[in-house]
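Taking it in order: structure first as structure tokens, then the write-up.
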Amino acid sequence: MITKKILFLHGFFASGSCIPAQALKQIFTGKAEVLTPDLPLHPNEALAFIEDICHNEQPSVLVGNSNGAFLAQIIASRLGLPALLGNPYLEITRFLIERIGEHEYKSPRADGHQRLVIDQSLIDEFAEVQAHQWDDSRPELSGRIWGLFGENDHLAHFEPLFLQHYSHAYHFPGGHTPTAEEVREFYVPLVENLCIIAHQ
């Protein structure tokens, strides 16, 4: 019987069907249930949504990529959950300011809505969340929230900021969004170790 659950939180333009999510599901088949929901666009709505899933599903570990890792840090520190933050975009407003306008999600969403708009009000919402992202961070979580940073990530460069709050930083020779093989080789062993920590 599978008792472990892993909650994966995708990046800003991605969805719960993105390649890293699919890879985690496939690799953990028979070992753990991997939840890969589509996240709401607005950050406070997304945080409430994630927290609700955590209360209902009781995941052992959170895994996030990019904006999903930004959100995962907040929820993991709030709830005391182990988490792996892949290329966390800890100052996501920088990303958004350069991309004002209409866009399409890069992978299919369950509701079929593939278009989104980045405008100043959305940026302002993220800025407020960003300003308070460390409110629940505390020293005893330092060994439970880990960062994984791509050496060829040309988008997010927040390892120094991460290390101001947490002590475990790892690296892999990839870019901002991991391939399925990179998930298998670099993400999965860390997630498995965090699952052990979660059940100690």
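- Side-chain atoms of R109 and H10, non-hydrogen and from C-beta on, do get closer than 4.5 Å to each other.
- Relative orientation of the Y187 and F172 rings is perpendicular, given thresholds of 30° and 60° on the angle between their planes.
- Checked by atom type and distance alone, the side chain of N65 never pairs as donor or acceptor with a backbone atom of G68 at under 3.5 Å.
- Residue Q26 qualifies as open at atom CD: its count of foreign heavy atoms under 6.0 Å is 12 or below.
- The backbone N or O of E140 sits nowhere less than 3.5 Å from a side-chain atom of R144 that would complete a donor-acceptor pair.
- At distances below 3.5 Å, not a single donor-acceptor pair connects side-chain atoms of Q133 with backbone N or O atoms of F70.
- Looking at L24 and V188, their side chains come closer than 4.5 Å, going by heavy atoms from C-beta outward.
- Shown are H171, H157, H176; of these, the side chain to side chain contact (heavy atoms under 4.5 Å, CB included) with F149 is made only by H171.
- Between F158 and F162, a ring centre-to-centre spacing not shorter than 6.0 Å is recorded.
- The structure places NE2 of H42 at 13.0 Å from CG of L47, a figure rounded to the nearest 0.5 Å.
- Nearest heavy atom pair, residue P82 against residue A198, reads CG-CB, 3.7 Å.
- For the pair K25 and T29, the minimum side-chain heavy-atom distance is 4.5 Å or more.
- Atom CZ of R184 sits in a sparse spot, with 12 or fewer heavy atoms from other residues, nucleotides or ligands closer than 6.0 Å.
- Using a 4.5 Å heavy-atom cutoff, the side chains of L148 and L84 are in contact.
- Between A76 and L141, the closest heavy-atom pair is O-CD1, 4.4 Å.
- Residue I19 places its CD1 atom among 12 or fewer non-hydrogen atoms of other residues, nucleotides or ligands, all under 6.0 Å distant.
- A continuous path of hydrophobic side-chain contacts links F12 to I97 [ILVMFWY only; heavy atoms under 4.5 Å].
- Looking at every heavy atom in both residues, E192 comes nearest to K31 through OE2-NZ, 3.5 Å.
- No donor-acceptor pair closer than 3.5 Å links the side chain of S107 to the backbone N or O of S17.
- Side-chain polar atoms of Y105 and D38 form no donor-acceptor pair below 3.5 angstrom.
- Put simply, the side chain of Q73 reaches to within 4.5 Å of the side chain of Y166, judged on heavy atoms.
- In this structure, OG in S66 is found 8.0 Å from CG in D153, a value given to the nearest 0.5 Å.
- Side-chain contact between W134 and L90: present, with at least one pair of heavy atoms (C-beta onward) separated by less than 4.5 Å.
- Under the 4.5 Å side-chain criterion, counting only non-hydrogen atoms from C-beta, S60 is not in contact with I197.
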